[in-house]
Protein chains: 2
Amino acid sequence: MASINDVSRLAKVSKATVSRVLSGSRGVKEESRDAVLRAVEKLNYKPNVIAQSLTRQRTHCVGVICATEHVQQATGYLQALEKALSQDGKHLLLRFANSAPAVAQAMEELGAGRCDAVMVVGARFALPDEAKQAVLIDCLDGGDGPQLAIDYQFASLTACHYLFSQQRRKIVLINFSRGEAAEQVLAGYCDALESVALPYNRQLVCGSEESVSVALQTLINRHIAFDALLVSDYIKSREAIALLRRFQRQVPQEVMVFSLDGAVPVVGAPEMPQMAWPLDMLAQRALQLIGGENIAFPPLRGSLIAP
Amino acid sequence: MASINDVSRLAKVSKATVSRVLSGSRGVKEESRDAVLRAVEKLNYKPNVIAQSLTRQRTHCVGVICATEHVQQATGYLQALEKALSQDGKHLLLRFANSAPAVAQAMEELGAGRCDAVMVVGARFALPDEAKQAVLIDCLDGGDGPQLAIDYQFASLTACHYLFSQQRRKIVLINFSRGEAAEQVLAGYCDALESVALPYNRQLVCGSEESVSVALQTLINRHIAFDALLVSDYIKSREAIALLRRFQRQVPQEVMVFSLDGAVPVVGAPEMPQMAWPLDMLAQRALQLIGGENIAFPPLRGSLIAP
DNA sequence: CTGTTAGCGCATTCAT
DNA sequence: ATGAATGCGCTAACAG
């Protein structure tokens, strides 16, 4: 691999001039400029980005820690982030981590100068202290640092109203296990019920600790009627649908399932009604945040899509 | 951020000694060794990986270009690769690119010393020349360099036999648009038909040029009977299912859809019968290939999963 | 306008 | 066993 020395030698100018031509490029005589460009061409020279990183103290790399429980949830985010980053001349260093210690370790390894910034995406668990230095995106319990939140209350409200419009009245809520988002979802659910003067039935709200299957089995065992499920994320929705089918409950005829998590990009018609988030906008904002701008964005609102 | 100079000063030894303690770590007096470690601890010193990369001429980064048309197809690969890489102390530089020029540009930007190696994953189109230097994983037309192929003929054969076992005889094949994999799939399909003495019906094999919807509409318009679809990938399967439902064809009762591409990790019960690939093994082999080992692996075989 | 010099942070000879 | 010196490839400050 040719280095800047080779170029400067071939072009009969100093390294500094070569550097000037390739970077700032102003204040260089036409003549030596051409000589440099010719040499660059001939040697197929590309500046070594590692050396550049060392002097400039910037790597143009951004660490992205996908803290999602299931990969599917990460894909939409990843695609949007990669697009925004590469348009900005930055690179995406990917890492998966679905527990607090794993996130901590990832932060550790992405530090030490390898990245200019780190973001944590989609965590559904309490983050370790190390993550306080990162930009948090759709993480359940946002810290005090820069972050991007999702408006789950709005989503929940929308979902309920959609289900009402589909003549569903007995909506089971299968919520996030905990965190602020869970509270928001519950609040939206309650708001919706109230707005149509439906009573709040505690039995229809599934607690955090149990699995989706267990929750549904409990309802079925107790002969509690329901005609819709409002589920926090896509994966749980799939679990729920699988279980309902085993009990011969037609989906969506008998039980309609709504997924709040639309982070999975939809191709063709969506499988089920769900929220779709404006991921490109999310990515843009994320870039602004890692750019150091200290903006507080309002929670992002998604839009309804349905089969 | 503390540098090696700070440590050497605090420990009252030279930079070389510090370096020795942290790297090779042998041939150092116990005394100065402790002093260094103490200083490191106190300053919370972490060697700057960029500087290390510069001297060692190794970045421990691997570029991964996801050349898949749809993100979903990439997720399984990504997760498996990231796991294998991070276990090996390497980092994954992610890039999406779904056209030859995009791949070329990605190769360009990932070169220039940023990565030790690059791999291209899941390309369903002809790769540019630049990609010849990369390790090719599940790319339709493999080049002459190191690569990892998938045994699509085996998959196709398995799929057909599964469909036969489900009392399906009129199987529509919706193949890849072109490339070696398409030929393999067709070969497996033909083998299967032959093995149960079914005639090959040209009308049931859908050509490359048309979209899934058009292909199916054509069949329906011509009143050609079919009771199963063998589809090359998950996305097309979803498209097909959506269209079938619009024509009131019950899936899977009337028409069973089989997806050859199992790169989408399944959670819970699979949506439809499909092939699942041993992605961790794939990732292991990919690592061996970028490690420079010049091994030729046999095409990878997947296993059937069904609802 | 351009060359020289001095780092960036570290690893690695080569002496001692 | 350890320190001084050199270089990785490049940028930037400072003179000319």
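First the proteins, then the strands, lettered A, B, ... as listed; each starts at 1. Nothing here was measured: the structure is a model prediction, and the numbers come from that model. The figures that follow rest on heavy atoms only: side chains count, while hydrogens, waters and symmetry mates do not.
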Say you draw a straight line from CG of A:Asp280 to CD of A:Gln284; how long is it, rounded to the nearest 0.5 Å?
->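 The CD atom of A:Gln284 is 7.0 Å from CG of A:Asp280, to the nearest 0.5 Å.
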
So how far is it from A:Thr17 OG1 to A:Ile4 CD1, rounded to the nearest 0.5 Å?
->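 Reported to 0.5 Å precision, the distance equals 9.5 Å.
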
Please check the phosphate of [N] (OP1 and OP2 only) for any side-chain N or O of [X] closer than 4.0 Å.
X: A:Ser32; N: C:dT2; result: yes
X: A:Ser19; N: D:dA12; result: no
X: B:Ser14; N: D:dG3; result: yes
X: B:Thr17; N: D:dA1; result: no

Exercise answer: donor-acceptor pairs, residues 89-101 of chain A side-chain atoms, under 3.5 Å, sequence neighbours excluded:
{"residue": "A:His91", "atom": "NE2", "partner": "B:Arg114", "partner atom": "NE", "Å": "3.3"}
{"residue": "A:Arg95", "atom": "NE", "partner": "B:Glu82", "partner atom": "OE2", "Å": "3.2"}
{"residue": "A:Arg95", "atom": "NH1", "partner": "A:Glu109", "partner atom": "OE1", "Å": "2.7"}
{"residue": "A:Ser99", "atom": "OG", "partner": "A:Ala102", "partner atom": "N", "Å": "3.3"}

Under 4.0 Å from any atom of DNA chain D, heavy atoms only: list the residues of residues 4-13 of chain A that qualify, in numerical order.
->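 Of all residues in residues 4-13 of chain A, the ones placing a heavy atom under 4.0 Å from DNA chain D are A:Ile4.
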
With sequence neighbours left out, write down each residue that passes side-chain contact (heavy atoms from CB on, under 4.5 Å) with A:Arg124, or none if nothing qualifies.
->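 For A:Arg124, the residues satisfying side-chain contact (heavy atoms from CB on, under 4.5 Å) (neighbours in sequence not counted) are A:Glu69, A:Asp138, A:Leu140, A:Tyr152, A:Phe176.
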
Do the side chain of A:Ser23 and the main chain of A:Arg20 share a donor and acceptor less than 3.5 angstrom apart?
->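 Pair absent, no side-chain N/O of A:Ser23 close to backbone of A:Arg20.
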
Those residues of residues 41-55 of chain A lying under 4.0 Å from DNA chain C by at least one heavy atom |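 Here the set is A:Leu54, A:Thr55.
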
For B:Lys12, what residues pass the salt bridge (charged side-chain N to carboxylate O under 4.0 Å, His left out) criterion, not counting sequence neighbours?
->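 For B:Lys12 there are no salt bridge (charged side-chain N to carboxylate O under 4.0 Å, His left out) partners, ignoring immediate neighbours.
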
Could you tell me the separation between the [atom1] atom of [X] and the [atom2] atom of [N], rounded to a whole number of Å?
X: A:Lys15; N: C:dG7; atom1: NZ; atom2: C1'; result: 11 Å
X: B:Arg56; N: C:dT12; atom1: CZ; atom2: C1'; result: 10 Å
X: A:His60; N: D:dC10; atom1: NE2; atom2: C1'; result: 13 Å
X: B:Gln57; N: C:dG9; atom1: CD; atom2: C1'; result: 14 Å
X: B:Arg33; N: D:dT2; atom1: CZ; atom2: P; result: 11 Å

For the helix from C:dC1-D:dG16 to C:dT16-D:dA1, figure out the bend between the end axes, five pairs an end, and round to 10 degrees.
->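 Here the helix ends are tilted 50° relative to one another.
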
List the steps, then state whether side-chain contact (heavy atoms from CB on, under 4.5 Å) holds for A:Lys15 with A:Asn5.
-> CA-CA 6 Å; A:Lys15 297 194 299 179; A:Asn5 286 304; 3.0 Å; yes

Got a sec, which residues hit side-chain hydrogen bond (donor to acceptor under 3.5 Å, both in side chains) with [X], two or more places apart in sequence or on another chain?
X: B:Arg33; result: B:Ser25
X: B:Asp151; result: B:Arg301
X: B:Arg58; result: none
X: B:Asp116; result: B:Thr59

A:Leu110 to A:Gly63 - nearest heavy-atom pair and separation =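 Answer, listing the atom of A:Leu110 first, then A:Gly63: CD1-CA, 3.9 Å.
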
Throw together a table of side-chain donor-acceptor distances under 3.5 angstrom for residues 41-52 of chain A, partners on residues two or more places apart or in other chains.
{"residue": "A:Asn48", "atom": "OD1", "partner": "A:Ile50", "partner atom": "N", "Å": "2.7"}
{"residue": "A:Asn48", "atom": "OD1", "partner": "A:Ala51", "partner atom": "N", "Å": "3.2"}

Atom pairs, N/O to N/O, protein against nucleotides 13-16 of chain D, distance under 3.5 Å?
none

5'-most by nearest nucleotide on DNA chain D - A:Ala2 or B:Lys29 |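 It is B:Lys29, whose closest nucleotide lies nearer the 5' terminus.
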
Is any side-chain heavy atom of B:Val121 less than 4.5 Å from a side-chain heavy atom of B:Ile65?
->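 No, every pair of side-chain atoms sits at 4.5 Å or beyond.
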
